[in-house]
Amino acid sequence: MSASGRLGLLSDVDAITNVIIKTMPLDPQWDYRFPLRKEFAEDHYKYTRMLFEYFLDPYFDDWTVMVIEDVDPAGSEKLKIVSIGVWDVSYLNKRKDGPLYLCTNCLEIANREVDKRGGSTRRDANQQHFDAFHNGQAKAYKKYFGNIGPEQLHLQILATLPDFQRRGHATRLCRWGMDVIRRESLKDISVMASPMGYHLYTRLGFDHLATVIIQVLGEDEKLALQAMKYVSIVDGKLANL
């Protein structure tokens with residue numbers, strides 16, 4: 001039985017949350033934002049799951065979650081979700097409703113939804129780091145991505161379970177986005193890359209735009225992210241020229 005890709009469903013939320021909980025601690029930004037996740041594991045699971053409920057809910061159609069299923073190496077023939085990609089597809093609503101469409105920063109709105117349901121009191125996060133991370137990303141989006149405009153696809157999250165890495169799953173999820181921008185005649189894919197993804201995106205042809213430093217004023221601790229873009233090529237010409 002070979003790996004297969006499909007659209008993520010709301011019924012997949014527990015399996016997807018499991019991928020995030022087990023994978024994202026390998027990424028420095030996870031420690032930066034959630035240093036108390038082990039002490040408050042219940043909060044960490046609860047609010048991570050809540051965010052993905054939002055991403056997967058068909059009502060919030062600014063998001064598409066793609067998943068890869070693969071066979072468990074323990075010997076079971078049953079497929080399970082091992083890799084996920086969360087895509088900001090708000091270009092669809094921005095094309096339909098115009099540039100003043102509400103979701104100029106869809107991730108900020110997603111986090112507000114979690115906050116409404118108790119996320120602002122979560123105990124697993126360093127709130128200053130959490131705020132610096134999201135504020136820093138929002139500024140970087142505006143500067144380098146144009147607030148994720150109507151001609152752009154944005155890759156928000158990419159994660160593969162450690163035991164299933166180096167099997168091409170993340171590449172396959174990225175190529176899904178590449179197919180979308182060619183088919184939809186979009187200009188590019190934007191991503192704020194962590195050290196985990198930087199080399200993958202570089203190999204796939206993403207261009208490095210800038211290093212973005214996330215830091216709370218007065219602290220020595222900081223986080224470096226890479227603003228990157230993949231520009232679509234149509235008939236031998238750059239689509240955004």
At their closest point, which heavy atom of Cys174 faces which heavy atom of Leu158, and how far apart are they?
SG-CD2, 3.8 Å
What do the steps show when you test Arg167 against Thr160 for side chain to side chain donor-acceptor pair (under 3.5 Å), and what is the final call?
CA-CA 10 Å; Arg167 297 191 185 190; Thr160 302; over 6 Å; no
Please find the pair of heavy atoms, one from Arg172 and one from Ile68, that lie closest to each other, and give the distance.
CD-CD1, 3.6 Å
Do you know which two heavy atoms are closest between Ala125 and Pro35, and how far apart they sit?
C-CD, 4.3 Å
Using the ring of Phe133 (Phe, Tyr or Trp, six-membered ring only), decide whether Arg33 places NZ or CZ under 6.0 Å from its centre and within 45 degrees of its axis.
yes
Under 6.0 Å between the ring centres of Phe130 and Tyr32?
no
Donor-acceptor contact present, side-chain Asn126 to main-chain His129, <3.5 Å:
yes
Would you indicate whether the side-chain heavy atoms of Arg95 and Glu151 approach each other to under 4.5 Å?
yes
What do the steps show when you test Trp176 against Leu7 for side-chain contact (heavy atoms from CB on, under 4.5 Å), and what is the final call?
CA-CA 11 Å; Trp176 176 86; Leu7 183 69; over 6 Å; no
Scanning both residues in full, the closest heavy-atom pair of Ala170 with Ser83 reads N-OG, 4.2 Å
Apply salt bridge (charged side-chain N to carboxylate O under 4.0 Å, His left out) to Glu69 and Arg6, showing your working.
CA-CA 8 Å; Glu69 295 177 303; Arg6 63 171 174 82; 3.3 Å; yes
Could you please spell out the steps behind the side chain to side chain donor-acceptor pair (under 3.5 Å) verdict for Tyr45 and Asp14?
CA-CA 10 Å; Tyr45 186 88; Asp14 288 318; 3.2 Å; yes
Do Phe55 and Phe52 have their ring centres less than 6.0 Å from each other?
yes
Check the pair Gln29 / Ser194 against side chain to side chain donor-acceptor pair (under 3.5 Å), numbers first and verdict last.
CA-CA 7 Å; Gln29 59 94 355; Ser194 70; over 6 Å; no
So for atom CD, which belongs to Glu42, do other residues, nucleotides or ligands contribute more than 12 heavy atoms lying within a distance under 6.0 Å?
no
Give a yes or no on this: more than 12 heavy atoms of other residues, nucleotides or ligands lie within 6.0 Å of atom CD of Gln128.
no
Is there a path of hydrophobic side-chain contacts, each under 4.5 Å between heavy atoms, that joins Leu204 and Leu153?
yes
Does the pair Tyr198 and Met228 meet the rule for a side-chain contact (heavy atoms from CB on, under 4.5 Å), with working shown?
CA-CA 9 Å; Tyr198 179 77; Met228 304 184 77; 3.5 Å; yes
Between Asp88 and Gln156, is there a side-chain donor-acceptor contact under 3.5 Å, judged purely by atom types and distance?
no
For Asp188 and Ile181, work out which heavy atoms get closest and say how close.
O-CG2, 3.9 Å
Validation row, ring centre Trp63 to ring centre His154 under 6.0 Å
no
Specify the closest pair of heavy atoms between Val67 and Gly8, including all atoms of both residues, with the distance to one decimal.
CG1-CA, 4.0 Å
Using salt bridge (charged side-chain N to carboxylate O under 4.0 Å, His left out), reason through Lys46 and Asp43 one step at a time and then give a plain yes or no.
CA-CA 5 Å; Lys46 175 182 177 180; Asp43 276 19; 5.9 Å; no
Among Tyr47, Phe60, Tyr59, which one satisfies ring-ring contact (aromatic ring centres under 6.0 Å, His included) with Tyr54?
Phe60
